[in-house]
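In what follows, chains carry the letters A, B, and so on, assigned in the order in which the sequence lines appear, proteins first and then strands, with residues in each chain numbered from 1.
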Amino acid sequence: MECVFGLVGEGFAIVAADTSAVHSILLHKNNEDKIMLLDSHKLVAASGEPGDRVQFTEYVQKNVSLYKFRNGIPLTTAAAANFTRGELATALRKNPYSVNILMAGYDNESGASLYYIDYIATLHKVDKGAFGYGSYFSLSTMDRHYRPDMSVEEAIELVDKCILEIRSRLVVAPPNFVIKIVDKDGARDYAWRQSVQDVTTAAV
Amino acid sequence: MARYDRAITVFSPDGHLFQVEYALEAVRKGNAAVGVRGTDTVVLAVEKKSTPKLQDTRSARKIVSLDNHVALACAGLKADARVLINKARIECQSHRLTLEDPVTVEYITRYIAGLQQKYTQSGGVRPFGLSTLIVGFDPYTRIPSLYQTDPSGTFSAWKANATGRNSNSIREFLEKNYKETSGQETVKLAIRALLEVVESGGKNIEVALMTREEGTLSQLEEAEIDAIVAEIEAEKAAAEAAKKGPSKET
């Protein structure tokens, strides 16, 4: 089951997502990157129907780009989050997207922020959020240890605690995770946490 | 409510499309614009006709980005330009979305030219009154390109070209003085060509360039343009002196 979670620290936001691409009982791949760079200073971690996930997040990404070219300046994180919610809301009672999104971003005026956007177009600005069965474990762990002014190292420690909890307690826990960070220097990969890597064995 | 299906652009008895030709007249009255393609740099330079003192220059940019790697300058009706540029920007993103690849310069030129042609063969509309100069570097191959489109919807690739006011004189100059250049030399060539018809000075020209390395459009500041203009003037003066020098001795 797909796990996505994230939190806001002192001048940065971190999101983590599992990297399994699952179809029924088959694991297609275990290095699927579900966290997309929306623009230089925004991250979108998405979970849900794989087709919808890619289609919808790429659609949002291109529209965010278009805004930048039309207006000469990029969208704020809040504006991008509200645009995303609006698109989900419009499609909801016609042809809904089954995609849950955690949008993290950094704006010079307002610092780091995290937005919780679920598949029925709920929008909340949050300090920490999570989706999926993993949320039962990561949310509880974050509630216990989170502080608003955490440093990157402290936040990563917390993220690792959450991953450990998911790995040990969720029956179909995903083996690998990717962690990405966004701060004043932009959005970028932070680390991967892999317990299983693709194995290629020679034929016997 | 009248139906918008009557064609406005129709053939004359001797095979002209007068609306298109009148649109070209509008282009001829527009600002001079120059484009030069170098080996690793592409440059666009546009004349700035007497900027009103109270106007915020940032809102009246004549050279715009269509995408990270493609830029456009135009001559003619600026309001028509806004519409065309907007459609082109949407197409750039749409191409990225459906083909997972940025546009090539030729693709987006063909698209813009296609739009301009459509408006010469549709009911109830008039042609766009502008010609465009499009520059950029193709994705992956990083080959530099310069294209021109006009109100009729034709387009072609150029090593250097000009459009707008006095474009014939500028093109003549370019034909005489064009050679393969790179980097700053390409910028100088573009500015020198534009200075043939525009009053000298940083505040009368807008210059923007794209290098293969950088990949994105960078506008030159007035001070930078002034510096290059000064260099060009000095080179011109030196050339003049060299010409006069030997003849004085004899």
Side-chain angles (χ1 to χ4, degrees), chain A residues 21 28-29 31-44 46 48-76 79-84 86-88 90-91 95 97 99 101 103 105 108-109 185-188, chain B residues 44 55-74 78-103 105 107-109 111-112 132 134-137 139 206 208 210 214-221:
Chain A
H28 279 297
K29 59 193 292 205
N31 57 355
E32 168 82 358
D33 191 351
K34 299 177 190 169
I35 308 181
M36 162 186 280
L37 253 64
L38 205 62
D39 73 12
S40 62
H41 287 70
K42 289 181 193 51
L43 288 171
V44 164
E49 202 65 57
D52 281 353
R53 172 167 58 77
V54 172
Q55 182 78 342
F56 184 71
T57 53
E58 286 190 351
Y59 171 74
V60 172
Q61 186 192 52
K62 298 328 183 217
N63 273 284
V64 168
S65 259
L66 184 60
Y67 181 95
K68 186 182 75 174
F69 284 107
R70 275 181 169 154
N71 300 283
I73 52 165
L75 276 169
T76 59
N82 275 282
F83 169 74
T84 305
E87 291 299 305
L88 286 167
T90 307
N95 196 6
Y97 294 103
V99 191
I101 286 171
M103 186 180 293
N108 286 322
E109 304 81 22
D185 300 321
R188 57 193 180 279
Chain B
L44 287 168
Q55 187 185 70
D56 185 348
T57 42
R58 283 171 305 170
S59 70
R61 284 254 175 267
K62 303 229 167 95
I63 307 173
V64 296
S65 277
L66 297 182
D67 200 346
N68 288 320
H69 61 301
V70 189
L72 174 147
C74 54
K78 289 292 181 270
D80 285 5
R82 237 181 22 239
V83 172
L84 218 48
I85 289 168
N86 190 38
K87 288 190 206 237
R89 282 173 169 159
I90 294 173
E91 180 61 20
C92 284
Q93 295 307 313
S94 185
H95 187 280
R96 278 178 182 262
L97 185 59
T98 50
L99 292 124
E100 197 85 3
D101 252 348
V103 294
V105 187
Y107 176 94
I108 197 65
T109 305
Y111 176 80
I112 291 173
T132 70
I134 300 165
V135 296
F137 288 88
E206 193 177 309
M210 207 184 282
E214 235 321 292
T216 53
L217 190 71
S218 51
Q219 310 261 2
L220 290 186
E221 304 264 319

Next on the checklist: Report which part of B:L66 has an atom under 4.5 Å of a heavy atom belonging to chain A: side chain, backbone, both, or neither.
Outcome noted: backbone

Item to check | Side chains of B:R96 and A:L66 in contact at under 4.5 Å (non-hydrogen atoms) | outcome: no

Checklist entry - Going by heavy atoms in the side chains, are A:N63 and B:Q93 under 4.5 Å from each other? => result no

Next on the checklist: Contact between A:R70 and B:I90 at the side-chain level, heavy atoms closer than 4.5 Å - yes or no?
Outcome noted: yes

Next on the checklist: Just verifying a value: how many Å separate A:F69 CZ and B:D67 CG, rounded to the nearest 0.5 Å?
Outcome noted: 4.5 Å

Next on the checklist: As an exercise, state the distance from OG1 of B:T98 to NZ of A:K62, rounded to the nearest 0.5 Å.
Outcome noted: 9.5 Å

Item to check | Residues, nucleotides or ligands: over 12 heavy atoms within 6.0 Å of B:R82 CZ | outcome: no

